[in-house]
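Below, chains carry the letters A, B, ... as their sequence lines are ordered, and counting in each starts from 1. Remember, it's a predicted structure, so these values are computed and weren't measured experimentally.
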Protein chains: 2
Amino acid sequence: MLDNRKKRILQAIIEEYINTAEPVSSGSLLQNYGLECSSATIRNDMAELEHVGYLDKPHTSAGRIPSAKGYRFYVDELLKDDNISIQEMKYIKSKLETKVNEIEELTKIASNTLSEITHYTSVAIGPRTRKHNIVDIKFVLLGSRVLMAVILTDAGAIKETIIKFDQDITESQVSNLNILFNNKLRGMPLEKIDEPFEQYIMNEMSNEVKVIKPIIEQINYAIVYNTDVYLEGANKVFNFPEFKKLEVARTFLNILDTKELVLDILNSSLAEDINVYIGDENEYSELKDFSIITFRHTIGKHDLGTIGIIGPTRMDYSKVISVMKYISKKLNEQLGKGMF
Amino acid sequence: MLDNRKKRILQAIIEEYINTAEPVSSGSLLQNYGLECSSATIRNDMAELEHVGYLDKPHTSAGRIPSAKGYRFYVDELLKDDNISIQEMKYIKSKLETKVNEIEELTKIASNTLSEITHYTSVAIGPRTRKHNIVDIKFVLLGSRVLMAVILTDAGAIKETIIKFDQDITESQVSNLNILFNNKLRGMPLEKIDEPFEQYIMNEMSNEVKVIKPIIEQINYAIVYNTDVYLEGANKVFNFPEFKKLEVARTFLNILDTKELVLDILNSSLAEDINVYIGDENEYSELKDFSIITFRHTIGKHDLGTIGIIGPTRMDYSKVISVMKYISKKLNEQLGKGMF
DNA sequence: AGTTAGCACTCTTGACTATGAAGTGCTAAC
DNA sequence: GTTAGCACTTCATAGTCAAGAGTGCTAACT
């Protein structure tokens with residue numbers, strides 16, 4: 001276990017390094033933090049902290065920088081999560097109070113705001129709607145051969161998709177579809193639009209089998225593939241000195257371009273909690289020089305979307321987590337008002 | 001006017017520079033291009049070409065690089081637009097033959113393909129629909145206080161938007177809306193959903209004025225603001241040596257992040273033609289080190305979307321223009337089939 | 001008059017060196 | 001357990017130098 005002074009020194013080094021991006025020396029700690037001991041004592045403690053793996057040393061005559069393990073200790077034990085100003089709170093509130101028509105828009109706004117305030121790149125995905133319950137499903141004829149399906153869910157998500165046919169569709173077919181789909185599916189989760197259901201409908205409307213298949217296919221496609229990844233502030237990374245090295249910047253942009261990877265990370269984030277992945281804690285080796293902080297917001301058991309911040313391991317964890325917690329709180333208040 | 005040999009030398013310099021990104025020397029021209037003269041002659045011509053502004057010189061003892069004016073001459077007079085392989089054509093064909101439900105998807109696919117083949121960053125916007133004629137307009141009640149408006153146009157664009165109310169909406173109101181809107185608007189361009197129209201509807205439905213206003217507002221919002229900018233391959237720039245300088249990469253990403261700027265550029269592109277903006281020909285000074293090539297595809301007088309390529313001034317104009325022309329041709333064939 | 005060989009001149013690049021600054025780790029004293 | 005003092009290490013910066021690449025000019029050639 002670390003004694004009190006060592007903890008203070010570790011915290012000071014990490015916070016100084018987060019601010020300056022320069023290796024922290026014993027002298028600078030003495031100057032800027034009110035430590036009541038000499039630089040030699042600090043050096044001894046720093047050697048100890050390095051020995052147990054919380055610090056690294058770029059080379060013998062440089063100061064210390066935090067290791068991934070050091071950041072982890074900091075995040076778990078030392079970090080303060082009230083690192084947010086009144087102005088920032090006001091700004092967040094005003095942004096989140098925008099009137100939106102769909103839950104997904106709110107996720108976008110939250111992600112956007114998070115990036116603005118923290119100056120890191122944010123990523124977000126909309127809700128995984130498969131578990132959402134169907135409130136209403138409507139088919140509307142847009143042309144003699146064009147049908148639109150609109151599905152409303154109890155978590156405020158709206159899925160709409162267009163289906164084209166090689167043959168004319170009649171109004172009576174449409175009203176049949178409306179009745180059958182609603183009778184069977186209302187109150188059911190979206191994932192119930194599956195093969196058994198397709199079979200059922202085909203039996204009920206046995207003389208128009210050709211119409212059913214594309215409808216079910218297209219709806220499923222819309223539900224599954226409608227997982228856009230929203231990105232905000234990719235260019236912000238150039239403000240950080242770690243991205244001065246072209247290779248790092250390139251890796252970063254490649255990560256952001258690999259939608260599947262981002263999706264995977266956001267999806268693996270646990271429900272209702274803030275998750276921090278520091279450097280090589282990340283499952284993917286491409287991410288070893290980066291940290292990711294995610295959180296998912298939910299209503300009851302319903303997933304409403306996941307937001308993440310990605311940046312250098314030298315990230316201002318305190319700031320990001322503080323802002324995230326506040327946004328999370330406000331989102332819940334907002335959603336609690338019964339918007340949907 | 002340039003004599004034949006000077007033209008050949010200019011062309012050779014530009015093509016060599018596009019390939020290598022290194023200043024081109026008289027010696028290397030002699031080696032790699034079958035010019036029947038000595039390096040001294042080439043040097044004389046190069047001095048002349050520099051004098052008239054087609055070439056620049058980084059410093060006295062370096063080779064020459066093309067100036068913006070040089071590229072312009074090359075694009076206007078020397079460029080070949082058949083720089084595309086059979087495989088590439090096949091690939092483009094296969095991509096564009098994907099079945100799509102909306103014209104906008106096709107624009108996205110074309111943009112995406114263009115970026116894949118040329119390895120430059122592509123941007124695209126959907127059609128400016130204001131001049132599109134309304135084929136049908138439908139209101140659908142999604143909940144007692146949620147209305148969806150779907151508008152179909154003769155160019156295959158579908159605009160849908162959701163409107164929320166503080167009061168219940170009845171089915172009879174909805175059918176009224178359907179009748180009134182369609183009677184008045186069918187065959188009209190989308191831009192006709194304007195203030196005079198709002199007045200007209202308000203007169204016709206004078207007892208439900210409160211319902212009309214948000215509808216018109218929201219529809220107009222959807223028409224005007226539904227101009228997403230699609231971006232593809234932003235990370236590709238790191239393959240080009242001009243982006244080795246961090247400042248250039250940063251400027252580039254900032255440009256891509258400024259949606260309004262990109263939108264403006266794409267919108268100012270003329271109809272049905274390929275437009276090339278080289279370096280400081282661009283209206284915006286931020287773009288002085290970049291070139292942009294755009295083209296808009298149309299059916300008759302209808303705008304169907306605009307696609308652009310943005311990259312360093314040392315761009316492979318020949319390749320990009322060749323591929324664009326081919327895509328443009330295929331798009332027209334595709335659309336000519338009467339998909340919409 | 002246009003073309004060419006030859007060569008002096010210019011500028012860049014990379015390797016090598018010297019020097020100063022920053023910081024540590026150790027020793028010995030407190 | 002803490003601290004002052006100092007030797008030692010490493011990095012960053014500037015300076016020097018030589019090699020290499022390419023031009024521009026001059027004078028000769030066709």
Side-chain angles (χ1 to χ4, degrees), chain A residues 1-10 12-14 16-17 19-67 70 241-242 244-246, chain B residues 1-10 12-14 16-17 19-67 70 241-242 244-246:
Chain A
M1 250 329 271
L2 300 183
D3 65 37
N4 247 338
R5 194 182 57 210
K6 288 209 184 66
K7 278 189 194 169
R8 280 184 65 196
I9 290 176
L10 180 57
I13 289 175
I14 290 177
E16 183 76 4
Y17 185 66
N19 279 327
T20 63
E22 298 286 333
V24 182
S25 72
S26 55
S28 71
L29 282 187
L30 201 59
Q31 271 191 17
N32 303 316
Y33 298 78
L35 295 164
E36 275 131 12
C37 58
S38 75
S39 70
T41 307
I42 297 177
R43 277 202 291 284
N44 288 336
D45 284 353
M46 278 160 72
E48 177 67 17
L49 285 166
E50 184 187 346
H51 190 72
V52 292
Y54 291 141
L55 295 179
D56 277 338
K57 196 162 48 168
H59 56 85
T60 32
S61 80
R64 297 304 205 296
I65 60 173
S67 67
E242 25 275 274
K244 283 269 148 63
K245 281 178 212 142
L246 207 74
Chain B
M1 252 328 275
L2 300 184
D3 64 36
N4 247 337
R5 193 182 58 212
K6 288 210 183 67
K7 279 189 193 168
R8 280 184 65 195
I9 290 177
L10 180 57
I13 289 175
I14 290 178
E16 182 76 7
Y17 185 66
N19 279 328
T20 63
E22 298 286 334
V24 181
S25 72
S26 56
S28 71
L29 283 188
L30 201 58
Q31 272 191 15
N32 303 316
Y33 298 78
L35 295 163
E36 275 130 13
C37 58
S38 74
S39 70
T41 307
I42 297 177
R43 278 201 292 284
N44 287 337
D45 284 353
M46 277 161 73
E48 177 67 18
L49 286 165
E50 184 187 348
H51 189 72
V52 292
Y54 292 140
L55 294 177
D56 277 338
K57 194 162 48 169
H59 58 87
T60 32
S61 78
R64 299 303 206 296
I65 60 174
S67 67
E242 25 274 276
K244 283 267 149 63
K245 281 180 212 142
L246 208 74

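- Side-chain atoms of M46(A) lie closest to dT24(C) of the nucleotides dC11(D), dT24(C), dT2(D).
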Requested in this report: Begin from the C-alpha positions of I9(A) and R5(A) and carry the test side chain to side chain contact (heavy atoms under 4.5 Å, CB included) through to its verdict.
Outcome: CA-CA 6 Å; I9(A) 290 176; R5(A) 194 182 57 210; 4.2 Å; yes
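- Atom CD1 in I42(A) sits roughly 12 Å away from atom P in dT2(D) (whole-Å rounding).
- With distances taken from any side-chain atom of R5(B) to the nucleotides dT24(C), dT3(C), dT10(D), the minimum falls on dT3(C).
- Remark: K6(B) does not engage E48(B) in a salt bridge, criterion side-chain N to carboxylate O under 4.0 Å.
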Provide a list of protein-nucleic acid N or O atom pairs under 3.5 angstrom, restricted to nucleotides 4-7 of chain D.
{"from": "dG5(D)", "atom 1": "O6", "to": "R43(A)", "atom 2": "NH2", "distance (Å)": "3.4"}

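- If you check dA28(C) for Watson-Crick or wobble pairing at under 3.5 angstrom, you find it paired to dT3(D).
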Show each protein N/O and nucleotides 27-30 of chain D N/O combination with a separation under 3.5 Å, one pair to a line.
none

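- Separating the NE2 atom of H59(A) from the P atom of dG23(C) is a distance of 10 Å, rounded to the nearest angstrom.
- In this structure, CG of L29(A) is placed 16 Å from P of dA22(C), rounded to the nearest angstrom.
- One atom, CG of L55(A), and another, P of dG25(C), lie 11 Å apart when rounded to the nearest Å.
- Of the possible donor and acceptor atoms, none in the side chain of S26(A) sits under 3.5 Å from a partner among the backbone N and O of R43(A).
- Out of dT3(D), dC11(C), dG24(D), the shortest distance to the side chain of K57(B) is found at dG24(D).
- Contacts between residues 60-67 of chain A and DNA chain C, counted as heavy-atom distances below 4.0 Å, involve T60(A), S61(A), A62(A), G63(A), R64(A).
- Not one N or O on the side chain of S28(A) forms a donor-acceptor pair closer than 3.5 Å with the backbone of V24(A).
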